[in-house]
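Note that the structure is a prediction, hence the values are computed from the model and not measured. Only this structure's heavy atoms are used, side chains among them; waters, hydrogens and symmetry mates stay out. Along the sequence shown, residues are numbered consecutively beginning with 1.
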Amino acid sequence: IINIKGTNTSGQISVTLNGTTFSYTGTLTASDTVIIDCQKFSCKKNGARDMVHFLGDWPVLQTGNNVLTYSTSGGATITELKITVQSRWL
């Protein structure tokens, strides 16, 4: 699960994990939170489904080291990016 806080009016926030990139293009205020759940293939803003603003592919964490980069464009900002790891296997 990837939690993103930041601001956006007309740009995008992009995250690349192990070579797989997704972007969020929705409007954000400082109090908004975007949650990308790669296990459930969902994108939510403040708890409401928001797939229309999710572009790209679903990243997957690998066992061991992972490479994560992020970027913003069009005046978007990231104030917090948090990853919570959950096993896909019980």
Side-chain angles (χ1 to χ4, degrees):
I1 297 174
I2 301 170
N3 290 280
I4 301 169
K5 289 187 177 187
T7 60
N8 188 28
T9 54
S10 60
Q12 70 180 23
I13 296 170
S14 298
V15 176
T16 300
L17 180 61
N18 298 322
T20 301
T21 301
F22 72 85
S23 298
Y24 183 79
T25 61
T27 300
L28 295 175
T29 65
S31 63
D32 292 328
T33 300
V34 175
I35 299 174
I36 308 296
D37 189 327
C38 300
Q39 184 175 359
K40 295 180 180 177
F41 303 106
S42 69
C43 174
K44 293 183 178 181
K45 175 182 166 185
N46 300 328
R49 184 174 163 86
D50 195 19
M51 289 298 299
V52 69
H53 294 115
F54 178 90
L55 305 173
D57 295 316
W58 298 99
V60 177
L61 285 171
Q62 304 297 324
T63 301
N65 294 330
N66 292 268
V67 177
L68 180 129
T69 59
Y70 59 89
S71 63
T72 60
S73 65
T77 65
I78 296 174
T79 57
E80 181 178 320
L81 190 142
K82 177 181 168 185
I83 296 177
T84 303
V85 179
Q86 295 179 327
S87 175
R88 288 184 174 223
W89 313 106
L90 297 176

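A continuous path of hydrophobic side-chain contacts links Y24 to W58 [ILVMFWY only; heavy atoms under 4.5 Å]. Put simply, L28 and L81 are part of the same group of oily side chains (I, L, V, M, F, W, Y) that touch within less than 4.5 Å, one to the next. Note on I13 and V52: separate hydrophobic clusters, where clusters join Ile, Leu, Val, Met, Phe, Trp and Tyr whose side-chain heavy atoms are under 4.5 Å apart, directly or indirectly.
The side-chain heavy atoms of V60 and C38, taken from C-beta on, include no pair separated by under 4.5 Å. You'll find the side chain of T27 stays beyond 4.5 Å of the side chain of N8, heavy atoms only. L61 has its side chain within reach of L17: a pair of non-hydrogen atoms, C-beta onward, lies under 4.5 Å apart. The shortest side-chain heavy-atom distance between I36 and I1 does not fall under the 4.5 Å cut-off.
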Pair V15-L68, side chain to side chain contact (heavy atoms under 4.5 Å, CB included): steps then yes or no
CA-CA 7 Å; V15 176; L68 180 129; 4.0 Å; yes

For side chain to side chain contact (heavy atoms under 4.5 Å, CB included), just list the numbers for D50 and V34, CA-CA rounded to whole Å, side-chain angles, deciding distance to a tenth of an Å, and then say yes or no.
CA-CA 9 Å; D50 195 19; V34 175; 5.8 Å; no

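Atom OG of S14 and atom CG of L55 lie 8.5 Å apart (nearest 0.5 Å). Separation of atoms CD1 (I35) and NZ (K82) is listed at 9.5 Å; rounding is to 0.5 Å. A distance of 9.5 Å separates CG of D37 from CD1 of I2, quoted to the nearest 0.5 Å.
Of the possible polar contacts, one joining the N66 side chain to the G64 backbone as a donor-acceptor pair under 3.5 Å is found. With N18 contributing its side chain and V67 its backbone, the two residues share a donor-acceptor pair below 3.5 Å. Side chain of T79 to backbone of K5: a donor-acceptor contact under 3.5 angstrom is found.
F22 and F54 have parallel rings, their planes meeting at less than 30° on a 0 to 90° scale where 60° marks the start of perpendicular.
For K45, the NZ atom is densely surrounded, since the number of other residues' heavy atoms within 6.0 Å is greater than 12.
The two atoms that bring S23 and Q12 nearest to each other are OG-NE2, 3.6 Å, heavy atoms only.
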